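What follows is a single structure, written as structure tokens, with notes after it.
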Amino acid sequence: MRIATYNVNGIKARLPRLLEWLEEQRPDIACLQELKSSDDTFPEAEIRAAGYGAVWHGQKGFNGVAVLARGRDPVERQRGLPGDPDDSHSRYLEAEVDGLVVASIYLPNGNPVPGPKFDYKLAWMDRLIAHARTLLAEEVPVVLAGDYNVIPTDADVYSPAAMADDALMQPQSRAALRRLVHQGWTDALRARHPVGPLWTFWDYQAGAWARDAGFRIDHLLLSPQAADRLADAGVDRAYRGREKASDHAPVWAVIAD
DNA sequence: ATGACATTTGCAAAATGA
């Protein structure tokens with residue numbers, strides 16, 4: 001099965017692009033981020049007409065995540081990341097599809113550094129690490145898919161110097177991502193493509209797409225039971241170059257049946 | 001240095017993003 005993650009940057013503005021991608025690439029599971037839509041304005045009918053069942057966790061104006069499944073309805077397991085009852089952001093949704101546990105993650109950006117937004121990012125990552133440990137303990141196939149807003153290494157950015165002060169590549173952000181991965185998760189994209197640029201995001205500004213000035217922040221982390229079945233992974237780069245594109249490209253992995 | 005650029009809300013310009 002093909003599972004993908006796509007930060008759509010506004011599902012209402014991006015709906016034609018999203019439906020086009022679903023029809024052309026036919027992912028079995030699609031995790032979406034940055035819906036920027038409240039629950040009652042989620043375009044459920046259009047997505048169902050495209051052949052997908054969906055669960056979603058929306059929020060007015062910003063954030064918002066969803067899990068789509070082709071030809072079936074995802075079974076919701078967890079709405080919101082556990083660990084802080086005062087966290088009102090819609091950034092985590094976990095569902096089960098055909099025996100696979102999948103989470104759609106929109107990790108906080110954290111800029112500017114330092115500041116309360118960066119503190120929130122790091123605290124959120126600590127909560128994700130704690131929850132991910134409970135998922136690993138289930139010893140089932142799990143995919144944690146989403147926009148992590150962390151550039152894992154200097155090889156994952158067009159210019160480490162240009163981004164040096166950004167929350168996405170602070171040592172604390174990278175260390176937290178390493179703590180997560182080192183629990184036993186496999187970075188699907190790097191497992192299949194160990195070296196070289198693999199951008200998943202290009203800023204709208206300063207001609208970043210034209211200059212191929214991107215970085216890699218959208219990740220699919222696989223539990224051992226999913227990693228054993230990893231057949232392929234990649235980035236649907238071309239969708240970043242289309243009209244009215246999101247600033248992210250879809251990222252996908254194929255898990256053998 | 002600032003803003004660029006895009007989206008949403010709501011109808012102007014601010015908030016948010018990365």
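No experiment lies behind these values; they were computed from the predicted model shown. In what follows, chains are A, B, ... by sequence order, proteins preceding strands, each numbered from 1.
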Smallest heavy-atom separation, A:I129 atom then A:Q183 atom, equals O-NE2, 2.8 Å
Look at the side-chain N and O atoms of A:Y106 and state whether any lies under 4.0 Å from the OP1 or OP2 oxygen of B:dT16. no
A:K117 has its side chain closest, among B:dC5, B:dG17, B:dA18, to B:dG17
Rounded to whole Å, CH2 of A:W209 lies from C1' of B:dA6 at a distance of 17 Å
message = For A:W56, is there any backbone N or O sitting under 3.5 Å from a side-chain donor or acceptor partner on A:R79?
response = yes
| Contact class for A:R216 vs. all strands (heavy atom < 4.0 Å): base, sugar-phosphate, or nothing? | nothing
A:F201 atom CZ is separated from B:dA6 atom P, nearest whole Å, by 12 Å
| B:dT7 and B:dA12: how far apart are their C1' atoms, nearest whole angstrom? | 16 Å
Between CE of A:M169 and P of B:dA18 the distance, given in whole Å, is 17 Å
(Q) Is it true that A:Q25 and A:Y239 share a donor-acceptor pair across their side chains at a distance under 3.5 Å? (A) yes
| message | Taking the P atom in each of B:dA6 and B:dC11, what is the distance between them to the nearest angstrom? | response | 24 Å
Among B:dG17, B:dA18, B:dT7, the one nearest any side-chain atom of A:R91 is B:dG17
Q.
Using the P atom as the point on both nucleotides, what is the distance between B:dG3 and B:dT9, in whole Å?
A. 24 Å
Query raised in the report: What does A:N7 touch in the nucleic acid at a heavy-atom separation under 4.0 angstrom: a base, only the sugar-phosphate, or nothing?
Result: sugar-phosphate
From OH of A:Y204 across to C1' of B:dG17 the rounded distance in Å is 10 Å
Note: for A:G10 and A:N63 on DNA chain B, the residue whose nearest nucleotide lies more 5' is A:G10
With heavy atoms under 4.0 Å as the rule, sort A:D165 into base, sugar-phosphate or nothing. nothing
From CD of A:E34 across to P of B:dT7 the rounded distance in Å is 11 Å
If you measure from the Lys or Arg side-chain nitrogens to the Asp or Glu carboxylate oxygens, is any gap between A:D187 and A:R216 under 4.0 Å? yes
Which part of the nucleic acid, if any, lies within reach of A:A206 when heavy atoms closer than 4.0 Å are counted: base, sugar-phosphate only, or nothing?
-> nothing
### Query
With respect to the phosphate group of B:dA6, does any side-chain polar atom (N or O) of A:R17 fall under 4.0 Å of OP1 or OP2?
no
On a heavy-atom basis, the closest approach of A:Y6 and A:H248 is CE1-O, 3.5 Å
* May I ask you to say what A:K244 touches in the nucleic acid, namely base, sugar-phosphate or nothing, with a heavy-atom cut-off under 4.0 Å? => sugar-phosphate
Whole-Å distance, A:D203 CG to B:dA4 P, equals 13 Å
Can you tell me how the ring of A:Y148 sits relative to the ring of A:H219, calling it parallel under 30°, perpendicular over 60° and tilted otherwise?
tilted
Separation of B:dG17 atom C1' from A:H89 atom NE2, nearest Å, is 12 Å
Think A:N149 has a side-chain N or O under 4.0 angstrom from the OP1 or OP2 of B:dA18?
yes
When rounded to whole Å, the CG to P distance for the pair A:D147 and B:dT16 reads 17 Å
Checklist entry - Regarding A:Y120 and A:D87, is there a side-chain donor-to-acceptor distance under 3.5 Å anywhere? => result yes
Hey, does A:N109 reach any base, or is it just sugar-phosphate, or nothing, if we go heavy atoms under 4.0 Å?
base
Whole-angstrom distance between B:dC5 and B:dG10, as gauged at atom P: 26 Å
Does A:E138 come within less than 4.0 Å of A:R77, counting only side-chain N to carboxylate O? yes
Show me the protein contacts with nucleotides 9-12 of chain B, counting only N or O atoms at under 3.5 Å.
none

Exercise. For B:dA14 and B:dA1, measure between their P atoms and round to the nearest Å.
Key: 23 Å
- Without hydrogens or angle criteria, can the side chains of A:N9 and A:K36 be said to hold a donor-acceptor pair below 3.5 Å? yes
Whichever of A:A245 and A:F62 has the more 5' nearest nucleotide on DNA chain B, that residue is A:A245
